[in-house]
Amino acid sequence: MTHQPQTSSRRAATLELLPAVDVRDGQAVRLVHGESGSETSYGDPLEAALGWQRSGAEWLHLVDLDAAFGTGDNRGWIAQVTAAMDVKVELSGGIRDDASLAAALATGCTRVNLGTAALESPEWVARIIAEHGDRVAVGLDVRGTTLRGRGWTREGGDLYETLERLDAEGCARYVVTDIDKDGTLQGPNLELLKNVCAATDRPVVASGGVSSLDDLRAIATLVPEGVEGAIVGKALYARAFTLEEALEAVSS
Ligand SMILES: O=C(O)c1ccccc1NCC(=O)[C@H](O)[C@H](O)COP(=O)(O)O
């Protein structure tokens, strides 16, 4: 079956928040600029995920960093965390072929986020988008306007050319990360988000750099332009604000 992408008329009215649990070597961690070796550990990923759920999360952004970096995988943890969640789960990291896609979808996650595959295996991704529709998002992870894959370690082409191709293939949604902001608490790249929204009618999930409730309010002003959600990692772990406060800040 071929799926139709979500269009602007079906966009959410308020910003969705996706607390992040990035898993490396069985631990919930935060990275700076997504760089391997920059980890700060925050303990058991299941505890972290259940904590965000208790705090009212409606989504979880769950990343297998080892799979993204090619240093192994945390499939057991990913499956365990996803199974324990009553909320929607977006799975990311190392989903690049039929086997890794099947394992990810078998967890019961709401959707998967493809990154490297969209840059290196465009024909496979076109097929997967056609087969799975809204269950597939593509992560557009950029430095400037250059995409990066393989755990953000390798260049992978131009953002806007890739976006045009994926739009034409019916990609339902994009998760847009400014790598230079990621894990830095420096605030989101609002210009990038606006530019991507101007280039596509598909919903955009913002990722990287959120540091304050004002940052979330600023992202929320872009909902009419097409920003559907925001991933929040470091700020929650660093206790810059609570998830309850964040949900309240974007609720109106
Ligand atoms: O998502 C991936 O596949 C990934 C691959 C390699 C390095 C990092 C990756 N994801 C990181 C995230 O999705 C972060 O959780 C997210 O951008 C939150 O950022 P922040 O709020 O700045 O901590």
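Given the structure is predicted, the values throughout are model-derived calculations rather than measurements. As the structure lists them, so they are numbered: ligands from 1, and atoms in each ligand from 1. Counting begins at 1 with the first residue of the sequence.
Residue contacts with ligand 1 include G209, since one of its heavy atoms falls under 4.0 Å from the ligand. Residue contacts with ligand 1 include G183, since one of its heavy atoms falls under 4.0 Å from the ligand.
For the residue pair T146/E155, the side-chain donor-acceptor check at 3.5 Å is not satisfied. D167 and Y174 form a side-chain donor-acceptor contact under 3.5 Å, judged by distance and modelled atom types alone.
When hydrogens are left out, the protein atom nearest atom 13 (O) of ligand 1 is H61 NE2, 2.8 Å; that is the closest non-hydrogen contact. Closest to atom 9 (C) of ligand 1, if we only count protein heavy atoms, is W152 CZ2, 3.3 Å. Considering only non-hydrogen protein atoms, atom 11 (C) of ligand 1 sits nearest to D22 OD2, 3.3 Å. Protein heavy atom nearest atom 16 (C) of ligand 1, with residue, atom name and distance: S207 OG, 3.2 Å. Distance from atom 21 (O) of ligand 1 to its nearest protein heavy atom, with residue and atom name: G233 N, 2.9 Å.
W52 and Y237 have perpendicular rings, their planes meeting at more than 60° on a 0 to 90° scale where under 30° would count as parallel.
Between A206 and V227 the shortest heavy-atom distance is CB-CG1, 4.4 Å. Closest non-hydrogen pair, S41 versus Q27, comes out as OG-OE1, 3.0 Å. For the residue pair L119 and G156, the shortest heavy atom distance occurs at CD2-O, 3.6 Å. Here the closest non-hydrogen pair linking R75 and D64 is N-OD2, 3.8 Å. Across all non-hydrogen atoms, the minimal contact from D182 to S207 is OD1-OG, 4.3 Å.
Within the listing of ligand 1, atoms 3 (O) sit less than 4.0 angstrom from a heavy atom of G93. Less than 4.0 angstrom separates some heavy atom of S92 from each of these atoms of ligand 1: 1 (O), 2 (C), 3 (O). Residue contact check: G208 has heavy atoms under 4.0 Å from atoms 17 (O), 19 (O), 22 (O) of ligand 1. Close approach of ligand 1 to D182 is summarised as follows: ligand atoms under 4.0 Å from at least one heavy atom of the residue are 14 (C), 16 (C), 17 (O), 18 (C), 19 (O), 22 (O). Using a 4.0 Å cut-off to heavy atoms of I231, the atoms of ligand 1 that qualify are 16 (C), 18 (C).
Contacts between L65 and ligand 1 below 4.0 angstrom, taking non-hydrogen atoms only, involve the side chain exclusively. With a heavy-atom cut-off of 4.0 Å, V63 touches ligand 1 through its side chain alone.
Scanning A20, S36, A68 for the heavy atom closest to atom 5 (C) of ligand 1 points to A68. Closest heavy-atom approach to atom 18 (C) of ligand 1 among the candidates K234, R24, R30: R30.
Checking each of D215, D214, T221 against R217 for a side-chain hydrogen bond (donor to acceptor under 3.5 Å, both in side chains) leaves exactly one that passes, namely D214.
Hydrophobic cluster membership is shared by L190 and L15, with clusters built from Ile, Leu, Val, Met, Phe, Trp and Tyr side chains linked at under 4.5 angstrom.
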